[in-house]
Amino acid sequence: HAKDSGKGRYEVFDASMHKKVQHALSMEADIREAISKQEFIPYFQPILRLDNEELRGFEALARWQSDKRGFVYPNDFIPLAEETALIQAIDMQIIEKACQQVRTWQLDLGCSELYVSCNLFSQQFFSSNLPNQIKRILQRSGLAPKNLRIELTERALLENTEIVLTNMQALKEMGVKLLLDDFGTGYSSLSYLHRFPLDVLKIDRSFISNVHEHDNHRAIIKTIVDLATNLQMATVGEGIENLADAELLQQMDCMYGQGYYFAKPMSAVQASAYIQEKIQSNSILK
Ligand code: C2E
Ligand code: MG
Ligand code: MG
Ligand code: MG
C-alpha cells in the first residue's frame, strides 16, 4: 500500500513511480466510493453435474459496475482491494447480494436446492466476527445455510490456524459448506488437508485446461480426485473449455464442473433465463 511504504520512496523523484502511486491512490478512492454506492455486483457461473449437466448452483464472481470506469473485472481491483483491506466490504457486499438473488430464484422459480458459492479473501478467516457476519446475511436473505458455500484458498490454511479452524467449524455447525479453491496451485502440503472441515476441493483451471492433451495433468487430477474421495470430499473441476476435457474429468470420477464450455459468468438477468431453460429441460436438482 503506497501510503505505508515510507517517506523514502518519495525522495527519489521518479516519474513512473509517481504515476503508479497516483494511480493506486485514485483507484483506492474510487473503490471506497464504489463500496458506499453499492457498485459491486455478483455475476453467476453455473456449476453442473458432469454426467448429466444437471444444474446444482452458481459461483458468485465479483464485478464492478463503475460510473467512472465502466465494467471492471476482479483482476483489476481485487489485488489493491486486498492490500487496502477494502476487500472485506466488497466480499460482504457480494455475498449479501448473491444470497438475496439465489433466495429470490428459489422462491420465484421453484428451485429450492440451488446453491451459491462465494469467494472470501483468506484474511477474513482471521477475524472472529466472520461467523456472525455470515449468519446475519443468511437471516436477512432467508437463504438456508446449506445453500451457501464459501470458497477459500490455501492461503487461509497456512497462518493463524487456531482462529481459522474455529471459524471454519462455526460455519460448518451453521450448515454452510466449505470449499478449497484453486486446489493444486498453492503451497500444497497434502498432509494438512484432513485437519480442516472441507466439503469440496475445486481443482484449479491450470490442470483442467486441455487436460486431454496433457498426460501429466491427468495424473495430477486423478490424484486429487482420489485424495478427495478418501477424505470424503467432492471435487469440482473449474475452467472446463471443451467437451473432451469435460468427458475426461467425468471418467476420472470428478463429479462436478464449471467452465466456459457450459457457460460464462453472467448477469442475474441472464442467469435467470438460464435457470428457466434448465427447469424446462428438467436438468436441475429440485
Ligand atoms: P476463482 O474464484 O478461481 O474463479 C474462477 C475464475 O475463472 C473466474 O474469473 C471465472 O470467470 C474464470 N473461469 C471460469 N471458467 C473459465 C474457463 O472455462 N476459462 C477461463 N479462461 N476462465 C474461466 P474471474 O471472475 O475473473 O475472477 C477471478 C478471481 O478473482 C477469482 O478466481 C477469485 O479468486 C477472485 N474473485 C472473484 N470474485 C471475488 C469475490 O467476490 N471475492 C474475492 N475475495 N475474490 C473474488
Ligand atoms: Mg472461486
Ligand atoms: Mg478457482
Ligand atoms: Mg483463482
Side-chain angles (χ1 to χ4, degrees), residues 31 34-35 38-48 50 57-65 71-102 115-127 130 133-134 137 148-156 177-186 188 198-212 221 224 235-246 248-249 254 256-268 270-271:
I31 293 176
I35 289 168
Q38 296 269 333
E39 286 187 341
F40 294 97
I41 54 165
Y43 260 46
F44 297 92
Q45 188 178 32
I47 300 170
L48 307 121
L50 286 173
F58 291 95
E59 179 171 5
L61 293 156
R63 301 289 183 260
W64 178 8
Q65 192 96 65
F71 192 78
V72 191
Y73 285 84
N75 288 346
D76 292 328
F77 63 87
I78 298 262
L80 186 65
E82 288 182 354
E83 274 178 54
T84 53
L86 292 171
I87 189 71
Q88 296 194 21
I90 297 174
D91 280 351
M92 290 306 153
Q93 204 165 104
I94 297 297
I95 297 181
E96 177 110 37
K97 289 177 182 174
C99 287
Q100 280 172 6
Q101 181 60 70
V102 169
Y115 70 74
V116 66
S117 200
C118 296
N119 297 282
L120 257 193
F121 180 45
S122 53
Q123 283 183 17
Q124 311 247 30
F125 280 85
F126 304 162
S127 154
L130 180 65
Q133 283 177 295
I134 300 293
I137 288 177
L148 174 63
R149 300 179 170 208
I150 302 278
E151 302 194 1
L152 58 147
T153 61
E154 290 168 77
R155 276 196 285 173
K177 292 202 160 66
L178 299 173
L179 284 67
L180 194 54
D181 202 356
D182 303 340
F183 187 69
T185 56
S188 294
L198 292 160
D199 300 283
V200 182
L201 294 183
K202 288 190 92 169
I203 307 169
D204 192 68
R205 176 155 65 87
S206 57
F207 302 115
I208 308 285
S209 175
N210 292 317
V211 59
H212 66 282
I221 291 172
I224 295 174
T235 44
V236 176
E238 63 178 357
I240 300 172
E241 291 187 354
N242 52 62
L243 176 63
D245 288 347
L248 200 62
L249 277 168
C254 176
Y256 306 99
Q258 75 185 90
Y260 294 174
Y261 171 66
F262 302 109
K264 288 196 169 181
M266 39 195 163
S267 70
Q270 293 168 316

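Both counts, for ligands and for their atoms, begin at 1 and track the order of listing. No experiment lies behind these values; they were computed from the predicted model shown.
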- Message: Counting only nitrogen or oxygen atoms and a 3.5 angstrom limit, does Tyr261 reach ligand 1?
- Response: no
- Name all residues meeting the side-chain hydrogen bond (donor to acceptor under 3.5 Å, both in side chains) criterion together with Gln124; count only those two or more places apart in sequence or in a different chain, and write none if there are none. Asp91
- Task: Would you mind telling me if ligand 1 is within reach of the side chain of Ile240, the backbone, both or neither, using heavy atoms under 4.0 Å?
- Result: backbone
- Message: I'd like to know whether ligand 1 has Glu59 as a neighbour, heavy-atom separation below 4.0 Å.
- Response: yes
- Query: At what distance, to the nearest 0.5 angstrom, does CD1 of Ile240 lie from CZ of Arg205?
  - Reply: 12.0 Å
- Judged by atom type as modelled, is there a donor-acceptor pair below 3.5 Å linking the side chain of Asn242 to the main-chain atoms of Tyr261? no
- Ligand-residue contact atoms, ligand 1 with Glu241, heavy atoms, under 4.0 Å: 17 (C), 18 (O), 19 (N), 20 (C), 21 (N)
- So, does Gln45 use its side chain to make a donor-acceptor pair with the main chain of Ala263 at under 3.5 Å? yes
- Are any of the heavy atoms in Tyr73 under 4.0 Å away from ligand 1? no
- Please name the atom of Glu151, restricted to N, O or S, that is closest to the Mg ion (ligand 2). OE1
- Distance from Glu238 atom CD to Ile47 atom CD1, nearest 0.5 Å? 8.5 Å
- Just heavy atoms, cut-off under 4.0 Å: does Lys202 contact ligand 1 by side chain, backbone, both, or neither? neither
- Task: Tell me which N, O or S atom of Glu59 sits nearest to the Mg ion (ligand 2).
- Result: OE2
- Separation between SG of Cys118 and CE of Met92, rounded to the nearest 0.5 Å: 9.5 Å
- Query: Among side-chain atoms of Asn119 and Glu59, is any donor-acceptor pair under 3.5 angstrom?
  - Reply: yes
- Message: Please confirm whether Arg63 approaches ligand 1 to less than 4.0 Å, judged on its heavy atoms.
- Response: yes
- Query: Under 4.0 Å from any heavy atom of Gly259, which atoms of ligand 1 are there?
  - Reply: 15 (N), 18 (O)
- Is there a side-chain contact between Phe58 and Met266 (heavy atoms, below 4.5 Å)? yes
- Query: Is the backbone of Ser267 close enough, under 3.5 Å, to the side chain of Gln270 for a donor and an acceptor to pair up by distance?
  - Reply: yes
- Looking at residues at least two apart in the chain, or sitting in another chain, which of them share a ring pair (Phe, Tyr, Trp, His ring centres under 6.0 Å) with Tyr260? none
- Query: Which N/O/S atom belongs to Asp181 and is the closest one to the Mg ion (ligand 2)?
  - Reply: OD2
- Message: Distance check below 2.8 Å: does Asp182 bring an N, O or S atom to the Mg ion (ligand 3)?
- Response: yes
- Message: I'd like to check Ile150 versus Phe125 (side-chain heavy atoms, cut-off strictly below 4.5 Å). Are they in contact?
- Response: yes
- Assess Glu238 for proximity to ligand 1: is some non-hydrogen atom of it under 4.0 Å away? yes
- Quick one: look at Arg205 and ligand 1, take heavy-atom pairs under 4.0 Å, and tell me if it's side chain, backbone, both or neither. side chain
- Close N or O approach (Ala62, ligand 1; < 3.5 Å): yes
- Item | Backbone or side-chain N/O/S of Asn119 under 2.8 Å of the Mg ion (ligand 2) | yes
- Query: Heavy atoms, side chains only, cut-off 4.5 Å: are Phe121 and Arg155 in contact?
  - Reply: yes
- Note on the structure: Among Leu61, Ile95, Thr153, Asn242, closest by heavy atom to atom 10 (C) of ligand 1 is Leu61
- Item | Glu238: its N/O/S atom lying closest to the Mg ion (ligand 3) (atom name) | OE2
- Query: With backbone taken as N, CA, C and O and side chain as the heavy atoms from C-beta onward, which portion of Asn119 lies under 4.0 Å from ligand 1: side chain, backbone, both, or neither?
  - Reply: both
- Note on the structure: Gln45 heavy atoms within 4.0 Å reach ligand 1 at atoms 14 (C), 15 (N)
- Query: At a 4.0 Å threshold, what atoms of ligand 1 neighbour a non-hydrogen atom of Asp91?
  - Reply: 40 (C), 41 (O), 42 (N), 43 (C), 44 (N)
- Is it the side chain, the backbone, both or neither of Asp182 that has a heavy atom closer than 4.0 Å to ligand 1? side chain
- Message: Just so I know, are the side chains of Val200 and Tyr256 near enough to count as touching, which here means a heavy-atom distance under 4.5 Å?
- Response: no
